[in-house]
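Throughout, residue positions are numbered sequentially from 1 according to the sequence presented. Quick note: numbers below take in every heavy atom, side chains included, and nothing from hydrogens, waters or symmetry partners.
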Amino acid sequence: MGVVNITPDSFHDGGRYDLPEKAIAHALELVEQGADIIDIGGESTRPGAVPVSENDELVRVIPVLEGLVPQVSVPISIDTTKSRVAHVALDTGASIINDVSALRQDPNMADVIARSGAAVVLMHMQGTPRTMQQSPQYADVGAEVLQFFEERVAAALLAGIAQTNIILDPGFGFGKLLSHNLDLLRGLSSFMMLNCPLLVGLSRKGFIGSIVGKAVGRREWGTAAAVALAVDRGAKIVRVHDVATMIDVVKMAAALSPLWATDEQEHDA
Ligand code: HH2
């Protein structure tokens, strides 16, 4: 999943794709590099981010979607917590809603997704982006995220979203200290019991920076290590800024992982 943020303030690519033409060109480049999904966001969720109005988010996201849909065959995901943005985006050709609030922020979100037959990413977050890194606390982060997934999957099913359309994401960096992020990545395979594809967003995140001691722009090797181990531990979708680099990391990790053994037979065939 290649990331295109149409925001002035995203922590890595903020301000780079502020014009629709630039964002569309970047998305096409990511597809060319091998992205199987494009994730478009019009609101930063970095720690401390200020919420964006519905109208501003629509103005940022929809022209890019309109320009991109006729040009690509890969599914397009929209990173939004707002049902109106999701509704318009799904009507314009998006097919996945990446909701970092896991259907908790907007009471109409589940219904909009269920009616459209789109897929949804349910991500774990403690708190809200504005406050989430102030003092995250867990007794057992793995058990609490698992319980959260069970509750949110039940809510999604109740709203009429099909089990096969649900993707789960532990939400690296969303209300988590370094130790919480590491525990979640170490124990990632435990979430496979829920029988939903696992998505991880690790790309250039702060917890990688705090281990490798590098600024955002120089975290690609730290990201590569984390991505490889996540794929080995069951991640089926990795959300990254650098598709050209990470595609080989993902292919190699998948080829070596016992969880992906059938891929080897496909290569031989
Ligand atoms: N991380 C970010 C944004 N959206 N969605 C999912 N499902 N999982 C993630 O880990 C995730 C996400 C943050 O990264 P980015 O979009 O690059 O930055 P920003 O929120 O500042 O726009």
Run the salt-bridge test on Arg84 and Asp106 with the 4.0 Å N-O cut-off and return the result as yes or no. no

In short, Val153 meets Gln163 closest at the heavy-atom pair CG1-OE1, 4.2 Å

Determine, step by step, whether Met1 and Ser77 satisfy the side chain to side chain contact (heavy atoms under 4.5 Å, CB included) criterion, reporting the C-alpha distance in whole Å, the side-chain angles of both residues, the deciding distance to 0.1 Å, and the verdict.
CA-CA 9 Å; Met1 172 185 266; Ser77 156; 3.8 Å; yes

*Is a donor on one side and an acceptor on the other found under 3.5 Å between the side chain of Thr223 and the backbone of Arg204?*
yes

### Query
Do the rings of Tyr17 and His26 sit parallel, tilted or perpendicular, given the 30° and 60° boundaries?
parallel

Inspect the contact between Arg239 and Asp169 and indicate whether a charged nitrogen and a carboxylate oxygen are less than 4.0 angstrom apart.
no

Trp221 backbone acceptor or donor facing Lys214 side chain under 3.5 Å
no

Looking at Asp56 and Arg60, is there a salt bridge between them, counting it only when a charged N and a carboxylate O are closer than 4.0 Å? no

Nearest heavy-atom approach of Leu198 to Met192 is CD1-CG, 3.9 Å

_Side chain proximity check, Val74 to Ile37, heavy atoms < 4.5 angstrom_ = no

Do Asp13 side-chain atoms and Val4 backbone N/O form a donor-acceptor pair below 3.5 Å?
no

Result for side chain to side chain contact (heavy atoms under 4.5 Å, CB included) between Arg152 and one of Arg104, Gln147, His124 points to Arg104

